[in-house]
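Note that the structure is a prediction, hence the values are computed from the model and not measured. Per chain, numbering begins at 1; letters A, B, ... match sequence-line order.
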Number of protein chains: 2
Amino acid sequence: MEKYKDIGLKLTPQRLAILGYLEGNKEHPSAEDIYKAVSKKFPTMSFATVYNTLETLRERGEVLELTIDPNKKRFDPNTKFHHHLICLKCKKIIDIHSDYNLDISKSDRAGFEIVGNHIEFYGICQKCKKAHGS
Amino acid sequence: MEKYKDIGLKLTPQRLAILGYLEGNKEHPSAEDIYKAVSKKFPTMSFATVYNTLETLRERGEVLELTIDPNKKRFDPNTKFHHHLICLKCKKIIDIHSDYNLDISKSDRAGFEIVGNHIEFYGICQKCKKAHGS
DNA sequence: ACTCTTGACAAGAATAATTCTAATTTGATA
DNA sequence: TATCAAATTAGAATTATTCTTGTCAAGAGT
């Protein structure tokens, strides 16, 4: 948390609240999740602040913006390189830290300069499997 | 195209136009792209029809809904298993058909039943690289 | 040929997520 | 502590998508 002073971020109470909520969070929350949670302690919190803060954090590489969920963006404070496993029913997302060799052949590369990759695994989580076979 | 008769789809002119546009299309178009293109030949085409048709095609596994682009869904008529490479600048998407070994360890699996996976490669395409280094 | 049923279409309203605007306030620094 | 750029706020605006409602068309059975 201390580290944010160094990257030219003004440390406002709102930002500290958002950072505090994100720190160590494994839920991959959406902007709304964050807004709801932080609003409890901070009733004047605005949605704009949540989005603004997430955007500046993203620019600085402090959070990842996930596009796994078709309906909304979700955010990941875990900035170590990793992949994701998502439950197709409840949209729960968990981190996968295994290493995979994802070299891409010259012909596949199509002239692109490759700068990264990300694997999405799809599945059904234990809770949803139990809930009902369907 | 013939094959759609078999899957219980009523073949209306609108659907044929959409199917015709999608067939062999490598652009991974958005609903709007499809709407615009098909509207030219079909001025009364409605957005609802585009979305409805895409949804029924998706249900039947005839198109994939891609969540790679944070701003909108994009659709892929290539239903062979494959991965994608996206240009971070212009959002161009190209198909990658290489095979990767993406076994997931029991501990990573976290009790999920795995049903699929998808790799997103990120990069800068040739055109964008030339356009300006930035 | 007539009627029924069903599925598809169109237009626009409604919704949901996100971004923008403009006015105000605040944190960091001199 | 005065200053000022940056941050916050509320709400409007925008964008993508879904929903609603009325209409229409094709095929099934009479």
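When the nucleotides D:dA7, D:dG11, C:dC9 are ranked by their closest atom to the side chain of A:R15, D:dA7 comes out on top. With C:dA17, C:dC9, D:dA10 as the candidates, the nucleotide lying closest to the side chain of A:K72 is C:dA17. When distances run from any side-chain atom of B:A48 to the nucleotides D:dT8, C:dG12, D:dT17, the shortest one goes to C:dG12. Considering only the side chain of B:Q14, C:dC9 comes nearest among C:dT18, C:dG27, C:dC9.
Rounded to an integer number of Å, the gap from CZ of A:F42 to P of D:dT9 is 7 Å. Between the CD atom of B:E59 and the C1' atom of D:dT18 there is a distance of 14 Å, given to the nearest Å. Atom pair A:E65:CD and C:dT18:P shows a separation of 8 Å (rounding to whole Å applied). Atom C1' of nucleotide D:dT15 and atom NZ of A:K73 are separated by 11 Å, given to the nearest angstrom. Taking atom NZ of residue A:K10 and atom P of nucleotide D:dT8, one finds them 8 Å apart after rounding to whole Å. Counting to the nearest Å, the C1' atom of D:dA7 and the CG atom of A:L54 are 15 Å from each other. What separates CZ of A:R58 from C1' of C:dT18 is a distance of 14 Å, to the nearest Å. Counting to the nearest Å, the C1' atom of D:dT8 and the CD1 atom of A:I18 are 11 Å from each other.
Ranked by how close their nearest DNA chain C nucleotide is to the 5' end, A:Y51 and B:P13 are led by B:P13.
One side chain, A:H97 or A:N78, offers a donor N or O that lies under 3.5 Å from an acceptor on the other.
Inter-residue side-chain proximity for A:T67 and A:K73 is flagged as unmet; no heavy-atom pair is nearer than 4.5 Å.
The pair B:K91-B:D69 does not meet the salt-bridge criterion, since no charged nitrogen lies less than 4.0 angstrom from a carboxylate oxygen.
Residue-level contact check: B:S30 touches neither bases nor backbone, having no heavy atom under 4.0 Å from any strand. Backbone-only contact: B:T12 has heavy atoms under 4.0 Å from sugar-phosphate atoms and none from a base. Among the atoms of the strands shown, none is found under 4.0 Å from any heavy atom of B:N52.
Under the 3.5 Å distance criterion, the side-chain polar atoms of A:N52 are matched with a main-chain donor or acceptor of A:A48. With A:H28 contributing its side chain and A:I93 its backbone, the two residues share a donor-acceptor pair below 3.5 Å.
Between C:dC9 and B:S46, no contact under 4.0 Å exists linking OP1 or OP2 to a side-chain N or O.
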